[in-house]
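Worksheet: the structure to be examined is printed underneath.
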Amino acid sequence: MTLPAAGSAPDLASELKRAPEDLAARLIGATLTFAGVGGLVVETEAYDAADPASHSFAGPTLRNAAMFGRPGTAYVYRSYGRHWCLNIVCGSRPGGAVLFRALQPLEGLDAMRKRRGTDNLRLLSTGPGRLCQALGITGAVDGESMLAAPFDLTLADGGREVVCGRRIGITKAQDRPWRFGLAGSQFLSRPFSER
DNA sequence: CTTTTGATGCCCT
DNA sequence: GGGCATCAAAAGA
């Protein structure tokens, strides 16, 4: 087991208390793995209960219950009937979460290729649905803590350039610049050229 | 190359 | 029954 150098990486538990948009920016450059499979977080989006585009906007329901759980809880939902999408709950306000939209594959590449049925690195975990399929994340994980195994989420220690823009695939509150990405990454689901 | 559309599950009204 | 935080294949230019 390798520990980060003393004082270099921010403490995840305290970062989780931030507002969703702050956490989303700070998760860029982090490393996320699930049962040893995953990579570098290069794209995220923030959602919050005061946000018409958020699943938590209308208050707690059966589907979104995990969004109102403890900071660090995984919220996994089925998207368009075919895909799973992974969020991490944050603690500044109830109903806040950050959607993981894309990873740069680093660990467990064989498992990712097998689950995704392609060798193309860009098609392994670029996009929230692909990301979950590549890592083997399903609704069974909904409500579990991402602070413990089989999850491993380690924040970057700084020195990266983060870009932001409008969110993708939503019809409400499209003007909120709550999508964040690692500048220059080849693994973004779309470029940040807009606006 | 870009845009459109079908597949598909489930929550909400 | 409508709408959706998606993806991949098909159709158009």
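Throughout, protein chains are lettered first and strands after them, A, B, ... in sequence-line order, and every chain is numbered starting at 1.
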Output the rounded distance in Å from CZ (Arg82(A)) to P (dC7(C)). 11 Å
Within the distance-only criterion (no hydrogens, no angle test), does the side chain of Ser14(A) pair as donor or acceptor with the backbone N or O of Asp11(A) below 3.5 angstrom? yes
What's the verdict on side chain to side chain contact (heavy atoms under 4.5 Å, CB included) for Phe151(A) and Thr33(A), showing C-alpha distance, side-chain angles and the deciding distance? CA-CA 6 Å; Phe151(A) 282 102; Thr33(A) 61; over 6 Å; no
Check whether the ring centres of His55(A) and Tyr77(A) lie less than 6.0 Å apart, and answer yes or no. yes
Could you state the atom-to-atom distance from CD of Glu45(A) to C1' of dT6(C) in whole Å? 12 Å
What's the separation between atom CG in Leu86(A) and atom CG in Leu103(A), rounded to the nearest 0.5 Å? 9.0 Å
Phosphate contact (dA5(C) OP1 or OP2) by His55(A) side-chain N/O below 4.0 Å: yes
Regarding Asn87(A), tell me which of base, sugar-phosphate or nothing describes its non-hydrogen contacts under 4.0 Å with the strands shown. base
Using side chain to side chain contact (heavy atoms under 4.5 Å, CB included), reason through Arg18(A) and Cys90(A) one step at a time and then give a plain yes or no. CA-CA 7 Å; Arg18(A) 295 183 181 277; Cys90(A) 73; over 6 Å; no
Would you say Arg93(A) has more than 12 foreign heavy atoms packed within less than 6.0 Å of its CZ? yes
Does the ring of Phe187(A) carry Arg122(A) above it, NZ/CZ under 6.0 angstrom from centre and within 45° of its axis? no
With a 4.0 Å heavy-atom cut-off, tell me which residues in residues 124-133 of chain A come close to DNA chain C, sorted by residue number. Gly127(A), Pro128(A), Gly129(A), Arg130(A)
Should Arg176(A) and Arg166(A) be marked as a side chain to side chain contact (heavy atoms under 4.5 Å, CB included) after you check the CA-CA gap, both sets of side-chain angles, and the distance that decides it? CA-CA 6 Å; Arg176(A) 294 197 192 200; Arg166(A) 51 179 58 182; over 6 Å; no
Which is true for Ile170(A) with a 4.0 Å heavy-atom rule: it touches a base, it touches only sugar-phosphate, or it touches nothing? sugar-phosphate
Has Glu161(A) got more than 12 heavy atoms of other residues, nucleotides or ligands less than 6.0 Å from its CD? no
dC4(C) C1' sits how many Å from Arg167(A) CZ, rounded? 14 Å
Remember a base hit wins even if backbone is also touched, and classify Arg78(A) as base, sugar-phosphate or nothing at under 4.0 Å, heavy atoms. sugar-phosphate
For DNA chain C, what are the stems built from at least three Watson-Crick or G-U pairs in a row, each pair having both distances below 3.5 Å? B:1-7 with C:6-12, B:9-12 with C:1-4
Is the phosphate of dT6(C) approached by Arg101(A) (side-chain N or O, under 4.0 Å from OP1 or OP2)? yes
Checking dC4(C), dA5(C), dA8(C) against the side chain of Lys172(A) (C-beta onward), the nearest is dC4(C)
If you walk 5' to 3' along DNA chain B, what is the first nucleotide with an atom under 4.0 Å of a heavy atom in chain A, and what is the last? dA7(B) to dC12(B)
What is the separation between atom CG on Asp51(A) and atom P on dC4(C), rounded to the nearest whole Å? 14 Å
Is the phosphate of dA8(C) approached by Arg116(A) (side-chain N or O, under 4.0 Å from OP1 or OP2)? yes
Given the rule that I, L, V, M, F, W and Y join up when any side-chain heavy atoms are under 4.5 Å apart, are Val98(A) and Tyr47(A) in one cluster? no
If every non-hydrogen atom of Ala102(A) is compared with every non-hydrogen atom of Leu131(A), which pair is closest and at what distance? N-CD1, 3.7 Å
Take the protein atom CZ of Arg115(A) and the nucleotide atom C1' of dC7(C), then report the distance between them rounded to whole Å. 19 Å
Candidate pair Leu147(A) and Leu16(A), rule side chain to side chain contact (heavy atoms under 4.5 Å, CB included), full reasoning: CA-CA 10 Å; Leu147(A) 305 180; Leu16(A) 285 172; 3.7 Å; yes
